Protein chains: 2
Amino acid sequence: MGNMKEKIKYVSIDLFFKKGYFATSVSDIARGSGIQKASMYYHYPSKEELLFSILKSTMDDVTAYLKNSISGIRNVEEQMRTAVQSHVRFHLDRQKENFIANSELRGLTQDHYRIIVKKRYEYERIFQNIIQKGGEQGIFVKDDVKILSYAILTLCTSGASWFKPTGRLTVDEIAAIYEKFIINGLKQGQVWSGAT
Amino acid sequence: MGNMKEKIKYVSIDLFFKKGYFATSVSDIARGSGIQKASMYYHYPSKEELLFSILKSTMDDVTAYLKNSISGIRNVEEQMRTAVQSHVRFHLDRQKENFIANSELRGLTQDHYRIIVKKRYEYERIFQNIIQKGGEQGIFVKDDVKILSYAILTLCTSGASWFKPTGRLTVDEIAAIYEKFIINGLKQGQVWSGAT
DNA sequence: ATAATTTTACCGACCGGTCGTTAGATTTCA
DNA sequence: TGAAATCTAACGACCGGTCGGTAAAATTAT
């Protein structure tokens, strides 16, 4: 926990996750960091900038993580499998930040809000492109691409709201279930219909 | 808008949806209702009781709606199709309340929190029972029932966070896409896939 | 090498304003 | 007339944020 600026961020992530952004006071953050609240303003110009800083780095990291994991894969189905795995893993590994990034956008100023939403949009587009390509190649269903992408993303993202690292299932197991469910859902499942 | 108690509730749903529970002040609610904020306390003992009242009626209604819609259906696949339709429709028709019910639980006292979570648990159980039965009958996959139920529910629920009644797609279309996606995802579709 | 200066990281005290809530007076209506 | 509904006025607590100041570390100048 090197420097104080990082510690404040770390403590804030914890508190915002537990109590929410609005229910967390600057005094709470200061207390958790072991400083006076005035000292927080030395490191961040405002409470809102602190929130923005958390959301920004989370969005940048998740996008970099996804891009890196699917780079080089050409097969569309394999791309989607990998993308889902990447999405689930990041959201469970960095659960708190991701939960905040999906629930505390209302705490942002309009300018910051726009920046984060734009980053999110770019992230979603990666999934939408894969779904689109899969549809064109006849591998995936041809339903509305945006709806499908929202479905896939929120499905995995929601894991961040109930997942407990010490719980019954590991990240691997959860990722495997989601991957299977989503690929099944995306595929045109009627070929084998005679087997019922 | 008959009596004031209902109007306050209606206005609060609107504001909690738009700005969030903590970011909405009692003054905001009073202003929207056309009364002084002290008058709100004649109808509700506290701001938190007002929130609880919203969440309670929403949960009671959604459960009644679901139970009613699947009663009498014996075929498991049809039960799931109907349950998904019911879930999606309720969440899009009463979008604001449902959004609040899924994002503002932190505003509750511990006692009220427990009551709402218990109601939610009962609702989830209905879906879990259907998945379980489908697994036993060999119709659905046999993966973890709870994970699958969370996946299905949050998928549909999330619609309440982006749906716009005036948007590109109707409730019917969205419900149809979700139904297809979920049933595909739940069915054992992997005979022809080969790649695991 | 050391004295002068600037920067870093923090503090306690305090600001104006808003919060949820209450007491008690007043109006509305059956 | 009496209860129901709403009002005005105020409460203490807390909010995010700012203030002037300070000890120590780092940098610069002599």
Side-chain angles (χ1 to χ4, degrees), chain A residues 1-56 100 103-113 115-116, chain B residues 1-56 100 103-113 115-116:
Chain A
M1 203 79 53
N3 64 358
M4 185 53 70
K5 187 166 184 175
E6 272 176 36
K7 178 160 192 177
I8 291 171
K9 194 167 183 173
Y10 178 82
V11 167
S12 299
I13 289 172
D14 208 62
L15 289 172
F16 292 168
F17 176 71
K18 237 185 294 183
K19 319 203 308 168
Y21 173 72
F22 286 107
T24 301
S25 70
V26 177
S27 310
D28 290 337
I29 296 167
R31 196 176 309 117
S33 308
I35 53 170
Q36 294 299 313
K37 74 170 177 171
S39 307
M40 193 274 285
Y41 288 91
Y42 176 79
H43 298 283
Y44 295 93
S46 70
K47 187 189 175 191
E48 190 270 345
E49 286 273 5
L50 172 54
L51 174 65
F52 176 63
S53 157
I54 292 170
L55 300 194
K56 186 174 176 301
I100 297 167
S103 59
E104 299 293 5
L105 292 191
R106 280 189 299 216
L108 296 173
T109 62
Q110 218 174 56
D111 284 357
H112 286 161
Y113 177 82
I115 291 171
I116 297 298
Chain B
M1 203 78 52
N3 64 1
M4 184 54 70
K5 187 166 184 175
E6 273 176 35
K7 177 161 192 177
I8 291 171
K9 194 168 182 171
Y10 178 83
V11 168
S12 299
I13 289 171
D14 208 63
L15 290 172
F16 292 169
F17 176 70
K18 235 185 297 183
K19 319 202 305 169
Y21 173 73
F22 285 107
T24 301
S25 69
V26 177
S27 311
D28 291 336
I29 295 166
R31 196 176 309 117
S33 307
I35 53 170
Q36 295 298 315
K37 69 172 175 171
S39 306
M40 192 273 285
Y41 287 88
Y42 176 78
H43 300 282
Y44 295 93
S46 70
K47 186 188 175 191
E48 189 270 344
E49 286 273 5
L50 172 53
L51 174 65
F52 176 63
S53 158
I54 293 169
L55 301 194
K56 186 174 175 301
I100 298 167
S103 58
E104 300 293 5
L105 293 191
R106 279 188 299 215
L108 296 172
T109 62
Q110 217 174 57
D111 284 356
H112 287 160
Y113 177 82
I115 292 171
I116 297 297

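Order of the sequence lines fixes the chain letters, A, B, ..., with proteins taken first and strands second; residue numbering starts at 1 for each chain. Keep in mind that what you see is a predicted model, and the values were worked out from it rather than measured.
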Student: How many angstroms lie between atom NZ of B:K37 and atom OG of B:S25, to the nearest 0.5 angstrom?
Tutor: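 The distance works out to 7.5 Å.
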Student: Between B:S39 and D:dA5, is there a contact of a side-chain N or O with OP1 or OP2 at under 4.0 Å?
Tutor: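 No.
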Student: In whole angstrom, give the distance that lies between atom OH of B:Y44 and atom P of C:dG20.
Tutor: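 Checked: the OH to P distance equals 16 Å.
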Student: Which whole-number value in Å describes the distance from A:Y42 OH to C:dG12 C1'?
Tutor: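 Atom OH in A:Y42 sits about 18 Å away from atom C1' in C:dG12.
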Student: Going by heavy atoms closer than 4.0 Å, what residues in residues 46-53 of chain B are next to DNA chain D?
Tutor: none
Student: Table please: side-chain donor-acceptor pairs of residues 39-53 of chain A below 3.5 Å, with sequence neighbours left out.
Tutor:
from, atom 1, to, atom 2, distance (Å)
A:Y44, OH, A:K5, O, 3.1
A:S46, OG, A:E48, N, 3.4
A:S46, OG, A:E49, N, 3.1
A:K47, NZ, A:Y21, O, 3.0
A:K47, NZ, A:T24, O, 2.7
A:E48, OE1, A:H112, ND1, 3.1
A:E48, OE2, A:T109, N, 3.0
A:E48, OE2, A:T109, OG1, 3.4
A:E48, OE2, A:H112, ND1, 2.7
A:S53, OG, A:K9, NZ, 3.1

Student: Calculate the interatomic distance between B:L15 atom CG and C:dC19 atom P; express it in whole Å.
Tutor: 12 Å
Student: May I ask you to evaluate whether B:H43 reaches the phosphate of D:dT6, defined as a side-chain N or O under 4.0 Å from OP1 or OP2?
Tutor: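 So the side-chain polar atoms of B:H43 do come within 4.0 Å of the phosphate oxygens OP1 or OP2 of D:dT6, strictly under.
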Student: With a 4.0 Å cut-off on heavy atoms, is B:S25 in touch with a base, just the backbone sugar-phosphate, or nothing at all?
Tutor: sugar-phosphate
Student: When you measure from the side chain of B:Q36, which nucleotide among D:dC7, D:dC15, C:dC10 comes out closest?
Tutor: D:dC7
Student: Nearest-Å distance, CE (A:M40) to C1' (D:dT18)?
Tutor: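 Roughly 12 Å, once rounded to whole Å.
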Student: Using whole Å, report how far CZ of B:F22 lies from C1' of C:dG20.
Tutor: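 Interatomic distance, CZ of B:F22 to C1' of C:dG20: 12 Å.
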Student: Nearest whole angstrom, please: distance from the C1' of C:dC19 to the CD1 of B:I29.
Tutor: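 After rounding, the reported distance stands at 12 Å.
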Student: Which distance, rounded to the nearest 0.5 Å, do you find between the OG of B:S33 and the CD of B:E6?
Tutor: 12.0 Å
Student: Is the shortest side-chain heavy-atom distance between B:M4 and B:I35 below 4.5 Å?
Tutor: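 Sidechains of B:I35 and B:M4: in contact.
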Student: Check the pair B:K19, B:D28 against salt bridge (charged side-chain N to carboxylate O under 4.0 Å, His left out), reporting the backbone distance first and the verdict last.
Tutor: CA-CA 11 Å; B:K19 319 202 305 169; B:D28 291 336; 3.0 Å; yes
Student: Just verifying a value: how many Å separate A:I54 CD1 and A:I116 CD1, rounded to the nearest 0.5 Å?
Tutor: 10.5 Å
Student: Contact class for A:S33 (heavy atom, under 4.0 Å): base, sugar-phosphate, or nothing?
Tutor: nothing
Student: To the nearest Å, give me how far apart CG (A:N3) and C1' (C:dT8) are.
Tutor: 12 Å
Student: Rounded to the nearest angstrom, tell me the gap between atom CD1 in B:I35 and atom P in D:dC7.
Tutor: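 Whole-Å distance recorded here is 6 Å.
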Student: With the side chain counted from C-beta on, respond yes when B:L108 and B:I115 share a heavy-atom pair under 4.5 Å apart, and no when they do not.
Tutor: no
Student: In B/S/- notation, 5' to 3', how is nucleotides 22-30 of chain C contacted by protein heavy atoms closer than 4.0 Å?
Tutor: BB-------
Student: Nearest 0.5 angstrom please: B:I13 CD1 to B:I8 CD1, how far?
Tutor: 12.0 Å
Student: What closest approach, in Å, do A:V11 and A:G32 show between heavy atoms, and which atom pair accounts for it?
Tutor: CG2-O, 3.7 Å
